[in-house]
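To keep things clear, I will list the structure first and then write my remarks on it.
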Amino acid sequence: MSDTPLLSVRALTKRFGGRVACHDVSFDLWPGEVLGIVGESGSGKTTLLNCLAGRLEPDAGSVSYETASMGTVDVHRLSEARRRLLARTEWGFVNQDARDGLRMGVSAGANIGERLMAIGARHYGEIRGSASEWLGRVEIDLDRLDDRPTTFSGGMRQRLQIARNLVSNPRLVFMDEPTGGLDVSVQARILDLLRGLVDRFHLSAVLVTHDLGVARLLTHRLMVMQGGAVIEQGLTDQVLDDPQHAYTQMLVASILPV
Amino acid sequence: MLPVLRVSGLNKSFVMHAQGGLALRVLEDVALSVAPGECLALVGPSGAGKSTLLRSLYGNYRPQTGSIRIRHREAWVELANAEPRTTLDVRRHTLGFVSQFLRVIPRVATVDVVAEPMLRLGATPEQARDRAQFLLSLLGIPERLWQLPPATFSGGEQQRVNIARSLIADYPVLLLDEPTASLDVANRDGVIDLIRQRREAGAAIVGIFHDTAVRDALATRLHNVALPGAQA
């Protein structure tokens, strides 16, 4: 087991005006771990995720990331340029709405190729080859390579966004409700895809979801948030099968059986 | 043989907040130890806490106090209230759990469901698939079903898929929760043989066996489980 966490979060707090969105959150994410953040709407999950990924500036606390090549960095003390470099080389970010994570005006192939060019790929044939390979991995027909995502269904767009994020071989992927708003059959396909990719490429990930079934399937560990604070954490099966906190017990008891 | 699993002073209560904080004491001061080649059968009436004990040993339930130590990577590791990554590593390499119920993964073929734990231990896809197919045929799952996801299988078929998945990695310590419940006699005997082979190869086993024939075939020792305050 590795002795250095990939991500180390200490006393992270974020306020919007007088309202605390996320209060005193601390945890370590270890290489190969998938951490789920669950809780109801407004509990601070997405705010926390955005602070971790450097998209929002916290009011207090720190996020340290163990980079592949430049040692440990404090995400919020990096220059904007360094942070952007990190975001497109070592990280991925899968948005709930694929339109926020894709460039809708260019082809599917270009959406994937752009990530590769951002990390220095220049050979057109190789870029197109990788793009085709990834379209195949996310089960999009190759003859759609030159089509724009505006012509894709919601599920296809989400799979394209995943391909765009993973083509550059990130070490850490942030996901905000990656299957939210999709049909259950499409959701199953994306969950299966993510599960396979996480295993195959030894990804570490932080996944925000309000769906405990998704959390059960994809995550190793869970943090439960309520009112901006982490009220319970542990192994996913511990939290779901033996919930300790009143709020977690209520959440688990509210799952509709099929 | 020296034990590979040692439990002492284990206490577990469930606090139900929806019932005004009602506390249910289930395990009180439980102690046991199991050595390689032993199969300890947990016995006691329904509701006595056998499954709670087994799930606590797996790190699925979180005991309030007590110690669960297991030999893992040639050292003793404390599992009670361990860090998640410690528990995961122990589960990946040392500790297996066979339950009655398969948690179905959408869209994944049966053979891949079974092969997955072995792949995670570093086996090649070919090795893992070969072993998965061997176990599936041993457990009487027809070959025409191997490429299908098990979601639509019968209860008994899903249970056998789950047993194959749980036994594909040679875990030194195995926890069995009614592994043969709802199986017919032929399939039950296949499962018994498979578990007996594991025991004879040196696995340390703790199990709940409702069926006395299965218990007699596998158990080397009995361990009584009773609710705190109840007559043992």
Side-chain angles (χ1 to χ4, degrees), chain A residues 1-3 5-6 27-36 139 179 184-196 198-200 202 204 213-214 216-223 231-254 258, chain B residues 12-24 26-27 51-52 54-56 58-64 72-73 75 77 79-93 97 99 101 103-109 112-113 115-122 125 128 149 151:
Chain A
M1 289 197 294
S2 163
D3 289 322
L6 196 60
F27 69 91
D28 289 323
L29 179 78
W30 300 89
E33 269 188 342
V34 179
L35 170 71
E139 303 175 29
T179 60
V184 280
S185 59
V186 177
Q187 174 173 328
R189 190 170 187 179
I190 288 177
L191 289 176
D192 171 35
L193 174 75
L194 284 173
R195 211 172 153 273
V198 162
D199 251 11
R200 178 162 170 198
H202 300 287
S204 305
V214 169
R216 166 90 77 177
L217 203 61
L218 285 180
T219 67
H220 300 118
R221 273 168 64 197
L222 280 186
M223 295 198 315
I231 51 156
E232 177 162 358
Q233 52 182 315
L235 275 173
T236 297
D237 62 284
Q238 287 173 343
V239 173
L240 296 182
D241 296 340
D242 185 16
Q244 313 278 311
H245 193 279
Y247 176 70
T248 318
Q249 290 187 355
M250 190 275 292
L251 269 189
V252 171
S254 307
V258 181
Chain B
K12 171 68 188 161
S13 315
F14 293 95
V15 179
M16 266 94 89
H17 293 284
Q19 271 81 43
L22 176 75
L24 265 185
V26 180
L27 305 178
S51 283
T52 297
L54 209 62
R55 284 168 172 267
S56 300
Y58 194 57
N60 177 219
Y61 286 176
R62 295 178 275 194
Q64 277 78 18
H72 171 63
R73 296 180 185 269
V77 172
L79 268 186
N81 301 306
E83 264 198 75
R85 65 189 198 117
T86 305
T87 306
L88 285 176
D89 197 59
V90 169
R91 287 183 185 176
R92 187 163 296 183
H93 293 273
F97 190 97
S99 73
F101 306 106
R103 198 172 286 285
V104 175
I105 305 158
R107 297 211 322 148
V108 181
D112 295 322
V113 169
E116 191 178 73
M118 198 168 157
L119 275 179
R120 289 193 174 148
L121 283 173

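Letters A, B, ... are given to chains in the order of the sequence lines, protein chains preceding strands, and every chain is numbered from 1. These numbers come from the heavy atoms of this one structure, side chains and all, not from hydrogens, waters or symmetry mates.
Ring orientation note: the planes of B/Phe97 and B/Tyr58 are tilted relative to one another, at an angle of 30° to 60°.
A/Arg195 is listed as a side-chain neighbour of B/Glu116, based on a closest heavy-atom distance under 4.5 Å. A/Trp30 has its side chain within reach of A/Arg221: a pair of non-hydrogen atoms, C-beta onward, lies under 4.5 Å apart. No side-chain heavy atom of B/Val26 sits less than 4.5 Å from a side-chain heavy atom of B/Ser13.
Scanning residues 234-243 of chain A against chain B with a 4.5 Å non-hydrogen threshold yields A/Gly234, A/Leu235, A/Asp237, A/Gln238, A/Val239, A/Asp241, A/Asp242, A/Pro243, sorted by number.
When only modelled atom types and interatomic distance are considered, A/Glu33 and A/Ser204 share no side-chain donor-acceptor pair under 3.5 Å.
For the atom pair CG of B/Asn60 and CZ of B/Arg91, the computed distance is 6.0 Å after rounding to the nearest 0.5 Å. The distance from atom OG1 of B/Thr52 to atom CG of B/Leu27, rounded to the nearest 0.5 Å, is 6.0 Å.
With a 4.5 angstrom heavy-atom cutoff, A/Gln244 touches chain B via backbone and side-chain atoms both.
Ranked by heavy-atom pairs under 4.5 Å with chain A, the first of B/Asp112, B/Leu119, B/Leu88 is B/Leu88. Per-residue heavy-atom pair counts under 4.5 Å with chain B were compared for A/Met250, A/His220, A/Glu139, and the maximum is reached by A/Glu139.
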